[in-house]
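The block underneath contains the structure these notes are about, expressed in structure tokens.
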Amino acid sequence: MGWAGSTEGRASGYAEGGGRMPELPEVEIMSRNLARWTVGRRLQQLDLRDEALDSGGVVAWSSQAEGATVRRVWRRGKYTVLEPDGGLPSLVLHFRMTGKVVAAEPSTRSSARLVIRLSPVQGRPNCVVFDDSRRLGNAWAQPTHSLDRWFEVSRKLGPEPWPGVQDTAFWAQQLGRIRSPIKVALMRQDRVAGLGNIAASEILWRAGVSPTLRACALSAEQWAAVARAVPAFIDDTIERESGDEIAYVNSRGGSARGVSSPFFVYRCAGRPCPRCGEPIARFKQSGRSTFWCASCQAG
DNA sequence: TAACTTGTTTAAAC
DNA sequence: TGTTTAAACAAGTT
């Protein structure tokens with residue numbers, strides 16, 4: 001089910017090393033970074049430079065929350081939550097394709113949409129920026145006490161797949177009755193929150209399960225393989241990408257072509273499968289590129 | 001230049 | 001009716 005060019009490898013036009021997107025592991029890293037930079041410090045000045053970032057309540061919040069201290073920062077699915085103390089609403093961020101939080105002066109960023117100045121502390125950054133070159137990200141201000149319900153009801157998020165190893169029964173329960181292909185099912189945020197297009201291909205390759213198999217047709221052994229592959233992928237990705245700034249689309253993982261893609265199959269069409277050497281193939285499912293090894297993922 | 005990249009929402013199809 | 005797929009959307013890269 002490929003198309004012309006799907007086995008052409010480096011001639012495919014994809015940039016080597018690019019293509020990381022903010023999925024669960026990247027959002028986890030950014031949430032940890034934001035916690036490290038802000039928890040326990042006062043929000044001295046909030047500068048919403050792009051009101052289009054506001055998907056609800058952020059304009060008001062940015063004046064309301066000034067002076068408050070950050071209590072904690074946490075992740076839910078692909079969202080990051082900055083929670084002030086004093087019963088104030090929380091700031092919820094979604095990064096879409098190119099959004100990221102960085103510790104930097106806004107003058108060094110061409111697309112700073114929100115600038116958070118913190119009470120100065122020796123040895124810690126005084127400014128945090130929501131940087132988003134394509135301006136597709138979103139932000140909301142939501143009452144802190146009802147965030148769990150908001151994520152469930154308004155954002156329609158299913159349970160978290162990580163941390164804590166979810167067992168075979170969890171995956172069979174959440175996805176086992178979906179008739180669409182397992183690759184598509186893995187991306188359904190209302191069933192399991194946080195897995196995107198990259199994760200879906202990578203997890204199925206690790207599990208040795210075909211992306212075309214209907215979710216409702218997976219065997220117990222295949223669900224067990226998925227259950228093992230998910231934390232393996234997430235842990236590996238967090239370990240590999242941890243750092244002060246997530247490298248997204250514009251980055252080149254290595255300067256030379258062909259240098260270490262961070263993924264085993266994603267955007268690796270035409271290259272040999274790291275496990276068996278057969279060429280990785282690419283095709284579309286529900287409008288999204290799927291990458292897989294037909295030899296390793298026969299089941 | 002047109003096509004492609006993403007997650008989410010909405011509309012249409014099954 | 002419920003489930004699934006496709007299209008549209010944002011904007012930047014190739």
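Letters go in sequence order (proteins before strands), and every chain restarts at 1.
Residues satisfying the salt bridge (charged side-chain N to carboxylate O under 4.0 Å, His left out) test with A:R76, not counting sequence neighbours, are A:E160. Under the side-chain contact (heavy atoms from CB on, under 4.5 Å) criterion, A:T290 pairs with A:K183, A:S201, A:P211, A:F283, A:Q285, not counting sequence neighbours.
Computed from coordinates, the A:L136 CG to C:dA8 P distance equals 18 Å when rounded to whole Å. Distance CD (A:E23) to P (B:dT6): 9 Å, rounded to an integer number of Å. Rounded to whole Å, atom C1' of C:dA10 lies 9 Å from atom CE of A:M97. Between the OH atom of A:Y266 and the P atom of B:dT5 there is a distance of 8 Å, rounded to whole Å. Between A:R135 atom CZ and B:dG7 atom C1' the separation is 19 Å, expressed in whole Å. Atom C1' of nucleotide C:dA10 and atom CZ of A:F95 are separated by 17 Å, given to the nearest angstrom. Rounded to an integer number of Å, the gap from A:N197 CG to B:dC4 C1' is 13 Å. A:D54 has its CG atom 18 Å from the P atom of C:dA10, to the nearest Å.
Annotation for A:R149: atom CZ does not count as buried by contact number, only 12 or fewer foreign heavy atoms lying within 6.0 Å. The neighbour count for A:R124 CZ, taken as heavy atoms of other residues, nucleotides or ligands under 6.0 Å away, is above 12.
Salt-bridge annotation for A:R36 and A:D244: present, with a side-chain N of the basic residue lying under 4.0 Å from a carboxylate O of the acidic one. Between A:D85 and A:R71, none of the side-chain N atoms (NZ, or NE/NH1/NH2) sits under 4.0 Å from a carboxylate O, so this pair counts as no salt bridge. For A:R113 and A:D131, the salt-bridge test fails: no basic side-chain N is under 4.0 Å from an acidic carboxylate O.
Its side chain within the 4.5 Å cluster rule, A:W150 clusters with A:W74, A:Y79, A:V81, A:V92, A:W140, A:L147, A:F151, A:L157 among the Ile, Leu, Val, Met, Phe, Trp and Tyr residues.
Residue A:R214 is classed as having no contact, given no heavy-atom separation below 4.0 Å to the nucleic acid.
Where DNA chain C pairs in unbroken runs of 3 or more (Watson-Crick or G-U, both distances under 3.5 Å), the stems are B:2-14 with C:2-14.
Put simply, A:R113 has no side-chain N or O that comes within less than 4.0 Å of OP1 or OP2 on C:dA11. Dashed line: the shortest gap from a side-chain N or O of A:K284 to OP1 or OP2 of B:dA3 is not under 4.0 Å.
The base of B:dT5 sits within donor-acceptor range of the side chain of A:R134, with an N or O pair under 3.5 Å.
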Which donor-acceptor pairs under 3.5 Å do side chains of residues 39-48 of chain A form with protein atoms, sequence neighbours excluded?
unit_1 : atom_1 : unit_2 : atom_2 : d
A:R41  : NE     : A:S119 : O      : 3.4
A:R41  : NH1    : A:W37  : O      : 3.2
A:R41  : NH1    : A:P125 : O      : 2.6
A:R41  : NH2    : A:S119 : O      : 2.8
A:R41  : NH2    : A:P125 : O      : 3.3
A:R41  : NH2    : A:N126 : OD1    : 3.0
A:D47  : OD2    : A:R49  : NE     : 2.9

Short N/O separations, protein against nucleotides 8-14 of chain B, under 3.5 angstrom:
unit_1 : atom_1 : unit_2 : atom_2 : d
B:dT8  : OP1    : A:H94  : NE2    : 2.8
B:dT8  : O4     : A:R288 : NH2    : 3.1
B:dT9  : OP1    : A:R155 : NH2    : 2.7

